[in-house]
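All chains are named by letter (A, B, ...) in the order of the sequence lines, taking the proteins before the strands, and each is independently numbered beginning at 1. Keep in mind the model is a prediction, meaning the values are calculated, not measured.
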Amino acid sequence: MTDKNLLEIRGLKIEGRRDGKVTEIIRGVDITLGEGEVLGLIGESGAGKSTLGLASMGYTRAGCVISEGDIRFRGENLRNLDAAAQRRLRGRRIAYVAQSAAAAFNPAHRLGAQVTEVPVLRSLMTQPQADREAISLFEEVQLPSPVAFGLRYPHQVSGGQLQRAMTAMAMICKPNLIIFDEPTTALDVTTQIEVLTAIKKIVRDHGTAAIYITHDLAVVAQIADRIKVLRYGEEVEEAETARMMAAPRENYTRSLWSVRSFRKQAHTDAQGQPLATIENVIAHYGELKVLDDVSVELHRGRTLAVVGESGSGKTTLARALCGLLPSTSGQVTLSGTSLAPSFRGRRRDQLKSIQMIYQMADTALNARQTVGEIIARPAELFLGKTKPQSFDRARELLDLIGMEPGTFLHRYPGELSGGQKQRVSIARALAAKPELIVCDEVTSALDQIVAEGILKLLDQIQTELGTAFMYITHDLDTVRAIADDVAVMHRGKLVRYGPKEKVLTPPFDPYTELLLSSVPEMRCGWLDDVIESRGQTATA
Amino acid sequence: MHQLLGLILKRLGFGAITLLVISVIVFSAVEFLPGDLAQQVLGQSATEETVAAFRRELGLDQPSVTRYFIWLADVAHGDFGNSLANGQAVSGLIAQRFANTLFLAGYAAAIAVPIALILGVLAALTRRSLFDRLINILSLGAISMPEFFIAYIMVTLFALKFGWFSPLANVTPEMPLGTRLWATLLPALTLNLVVVAHMMRMTRASILSPMASPYIEMADLKGITPLRVVIRHALPNALAPIINVVALTLAYLVVGVVIVEVVFVYPGLGQLMVDSVAKRDMTVVQACCLIFALTYILLNLTADILAIATNPRLLHPK
Amino acid sequence: MARRIGKIPPTAAFGIAVVTTYSVAVLFAPVIAPYGQTEVVGAPFLPWSGEHPFGTDNLGRDMLTRLIYGARNSVALALVTTLLAFLIGTAAGFVGSILKGWTDMAIGRSVDVLMAIPALIFALLLLTITGPSLVATVLVVALIEGTRVYRLTRAVAGNLVVMEFVEAAQLRGESLWWIIRRELLPNATAPLAAELGLRFCFVFLFISALSFLGLGVRPPLAEWGSMVRENATLITYGDITPLLPAAAIAILTISVNFIVDWFLHMTSGLEE
């Protein structure tokens, strides 16, 4: 035990108890963190990173129990402290920044009151002192009008601002350690970069130690001094950030690193008649115009990637194409014939030709139907097959998506992993033998390695069947991987459209420029470079 | 602020429309009565002239729409017509009884609301403890019992066995308040048993629901004490549902009072209504129904408006 | 599942035992009961004796016999009414949630208005029109409780129809009936089953309250609520016999509630 170390976790084991079953969530992990040091915890879902992060505050969620190991904070074992003593540390010496600030701020109180609650409650500051401190922190995290900011309620400010306010709240007692639990995961890239910049600056300026939890390697590389990779509650490896990026030792780490390198083979050029077109479409949600004069074309055997941030109208475009949101004006055509704006007015063979795959396989598959029933139904309905024939078709399709029919045909979605569920969604879409498949963020909810498998499957399907894809995504890496054509959307408008090489090559329009430059790159120092270059353009 | 006002106005408008629709339903109840009303009231022996005269007096010779508006105007002035059974003015019959019913319901509420809120908060605070489970089982039991069962148990125990109270809750207008409170304690307690169980369960649920949210975990991670977490962080967010619970319960009291009044032979509106249904004295039933519905709607309306007015999202729009 | 059933809480075990006992009384009433349902076997209000374990009622009929037949009549009546209420409520709820728009709005608003009148008061108004009768009671209670079933179904279905698997079925052009039967119903069984139990209790209490007020089941049919009313005078003399049918109601509704409570606990995946 050296005095220099702020946090020392040794041999930590955490058990989850649910329905009488005991599962090990953390299986013997060590952490050593010095004053002012930033450790990145990275891993896929189920790796136990959040549980570990909370445990370093001595906190476990309901149903979790620390079964073994020590958590020493400044030499003191948190496991030996009573609840009151632990509470004295929390907020004061160790602070926490949650993933969703929108949910973690109390909707009933003003932001200022919440930020200053702990220092005033612990008599570290008077209310006016705390208010002044909050204002100066709001300034540090570059919140607009810092003086008035604290008077607002959580629902009155944007997600990115809330996340920065939460960082300020964590910092107000000048803690020795802050736990950041995926603070930018729920944000758009252009917002993420602002929050990242604020976090990095404030942590560096105050010399605060931090544990930064994320699944995104490119993000953690900008912030952390060291990176620890977790899998199934165990450490895979740990190293200095630069070394970890350059030369990971373990296979698993390397697979995480290489996952973004998938590129599909170039397909046929766009030639002849387009399969489907969206022409000058305008659509509204109530009074709000959500699509403003958008036109794109879809070609057989090619993928159009529609990229944009939340609220850009990219999903709305897909819904207008499928007839789920009838357009107010403009038209959608399929094989040269105009389609009714609402799916209710479309013929069965038209419905058959356009199939959809959703982001959340959990809600896209009926949990009370077997995989076989789910896949067989479109074949029965659209291809006029009998029940046994349609189940034969389901078997073929399961083979195609790489799931053993004998094993999976009679299972329910609840018994499948996230990736398997998404494969079943794909099989259901294919069962109708469509000409066009609309994919709405189909890999966003999946871990990167699983997501890559799905992208490869979609590519294989396109090569074999010549299906056209419309692929909705917010992720530019996915665009690079699978697109032939790209449409960039912003606030309901199409800002850039064309073949991938053209769209992703300068000169850019200002929005595409901002979007592309905000995507974290897999190298150390990327964030510093961006801050510097944006600072220059700002001063220039 | 515009949004808030708009919502409240909308809610008020909806309340007004509901009342109107209900008045139509209540009014048309007479239209659906089988046979000729006048003939029925006067009996088979009445001569045709007397029947015709009575029909004119009731306005039955006019079209229903006209009669509805005349009736509505009368009702708005507190004139509910005359009883079909004994010809007395309905308003005279119900005035004192309505006051009695309000007194009993108010009395019960004054005891029930504080007890239920305290028990509900305690159960939520000590959730999964022995106390919480006990309260859960007891309240579930109380909810499941017929009101008249509880009432008769109270009578058997406290009136007959111990002899503390009279089994009949007789009140007169000139009774002094103290005597009156004592005389009506047993029915009030009966109402309490039912209502407290309901209200307490809903209060517990309303507090536990925000307790599962991320901002409560955040408060925990800021090292805030459990008591302050509940009072400062959970309670403000449970306010709307709790207001709703109180209003619903009060509304329930106004109705639950019917059975209790019958058991204790308490001279209230509920008992009058039950008697009148048996006699098919439609004008009295109409009046009682309107008054009960009005009270019920007003209470719900108040709760909804309070809930809207305490919502920070609406109080402080973007 | 087997492991869970091994851990039935005492309250639920009590509930199951009671429901089983009652079922026997319902099914075999004529076999078990010592006398006929309307048979006058002695003087009115005879005290408890070997011959008449609970004495006789206001007309001199055997109380035990009436209690056993009461189980049959009261439970059957409540069951029929509950099923009717469910038929009305779930149909309206599912159809409204899928069709949305005008139909949904019309159903919703009508139910809002109906629910703005307190249930008992509305029943009293309707029963004044129809006059007290068995059929009227069943229909009136089914209509009123049906509005409550509608509210729940609409809420459950409302959460389901926004799920993409329902959207996918609509995009396939599936019929309304298919969507209700294959997509919605299987996902709504747990809340609807719990609601069935709770609604049965409310219906039971509602009908017995009406009978107690003399406006539900008519004599000479043995029904627990009306039996309390018929014999209430005994209470003033300190005889608890009239409380027996009331207790019979209470025990059944408490038992069903305990079972539903346990069921809800199990399906919500919460541990004690």
Side-chain angles (χ1 to χ4, degrees), chain B residues 14-15 17-19 21-22 25-26 29-34 128 133 136-137 140-153 155-156 159-161 167-168 251-252 254-256 258-259 262-263 270 273-274 276-282 285-286 288-289 291-293 295-297 300, chain C residues 9-11 109-110 112-132 201-202 204-206 208-210 212-215 224-225 228-229 232 235-240 242-243 245-258 260-261 270-272:
Chain B
F14 182 67
I17 292 172
T18 310
L19 262 181
V21 175
I22 286 174
I25 294 177
V26 167
V30 175
E31 308 293 300
F32 288 118
L33 270 181
R128 288 176 195 184
R133 280 184 216 190
N136 178 42
I137 292 179
L140 198 60
I143 289 172
S144 318
M145 287 185 203
E147 286 107 335
F148 54 82
F149 185 45
I150 298 179
Y152 279 131
I153 290 180
V155 169
T156 312
L160 299 171
K161 196 150 176 48
L168 304 181
Y252 174 85
V254 174
V255 180
V258 172
I259 299 227
V262 169
V263 172
M273 187 173 183
V274 172
S276 307
V277 174
K279 285 188 259 175
R280 304 186 78 180
D281 188 346
M282 188 48 101
V285 173
Q286 277 181 321
C288 297
C289 188
I291 290 175
F292 277 127
T295 322
Y296 197 74
I297 290 172
N300 279 322
Chain C
T11 48
R109 287 293 177 238
S110 320
D112 281 348
V113 170
L114 287 186
M115 288 184 74
I117 313 177
L120 184 60
I121 303 301
F122 194 34
L124 290 181
L125 178 74
L126 292 180
L127 286 174
T128 318
I129 302 173
T130 61
C201 291
F202 283 119
F204 207 123
L205 292 173
F206 201 161
S208 65
L210 287 175
F212 171 75
L213 295 175
L215 307 166
W224 290 335
V228 177
R229 172 192 175 81
I235 293 176
T236 13
Y237 302 106
D239 186 336
I240 58 150
L243 290 184
I249 299 169
I251 292 171
L252 179 64
T253 45
I254 290 174
S255 300
V256 175
N257 259 321
F258 279 159
V260 171
D261 208 36
L270 290 171
E271 270 307 87
E272 275 294 326

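Proximity of C:M115 to B:Y296: side-chain heavy atoms (C-beta onward) are nowhere separated by under 4.5 Å. At a threshold of 4.5 Å between non-hydrogen side-chain atoms, the residues C:L120 and B:F292 do not count as touching. The closest side-chain heavy-atom distance from C:I129 to B:M282 is below 4.5 Å.
Looking at every heavy atom in both residues, C:A246 comes nearest to B:P146 through O-CG, 4.1 Å.
C:S208 touches chain B through backbone and side chain together, each having a heavy atom under 4.5 Å away. Proximity to chain B is limited to the side chain of C:D261, based on heavy atoms less than 4.5 angstrom apart. Contacts of B:V277 with chain C are made by both backbone and side-chain atoms, with heavy-atom separations under 4.5 Å. Contacts between C:R229 and chain B at a heavy-atom distance below 4.5 Å are absent for every atom of the residue. When heavy atoms are compared at a cutoff of 4.5 Å, C:L205 approaches chain B solely by way of its side chain, counted from C-beta outward. For C:V228, the part lying near chain B is the side chain, with the backbone staying farther off; criterion is any non-hydrogen pair under 4.5 Å. In this structure, the portion of C:L215 lying under 4.5 Å from any heavy atom of chain B is its side chain and not its backbone.
The structure places CG of B:N300 at 11.0 Å from CG of C:D112, a figure rounded to the nearest 0.5 Å. Separating the CD1 atom in B:I22 from the CZ atom in C:F122 is a distance of 8.5 Å, to the nearest 0.5 Å. Taken from CG in C:L125 to SG in B:C288, the straight-line distance is 10.5 Å, to the nearest 0.5 Å.
Ranked by heavy-atom pairs shorter than 4.5 Å toward chain B, the options C:I235, C:I240, C:I249 are led by C:I235. Per-residue heavy-atom pair counts under 4.5 Å with chain B were compared for C:D239, C:L243, C:T11, C:L126, and the maximum is reached by C:L243. Across B:A159, B:C289, B:A293, the residue that shares the most heavy-atom pairs under 4.5 angstrom with chain C is B:C289. If you tally non-hydrogen atom pairs under 4.5 Å between each of B:T295, B:I137, B:V155, B:I150 and chain C, the highest count goes to B:I137. Chain B forms more heavy-atom pairs under 4.5 Å with one residue of C:L213, C:L252, C:I251 than with any other, namely C:L213. Of all the listed residues (C:G214, C:A247, C:C201), the one sharing the greatest number of non-hydrogen pairs under 4.5 Å with chain B is C:A247. Listed options B:I297, B:L140, B:I153 were ranked by heavy-atom pairs under 4.5 angstrom with chain C; first place goes to B:L140.
With sequence neighbours excluded, the residues satisfying ring-ring contact (aromatic ring centres under 6.0 Å, His included) with B:F148 are C:F212.
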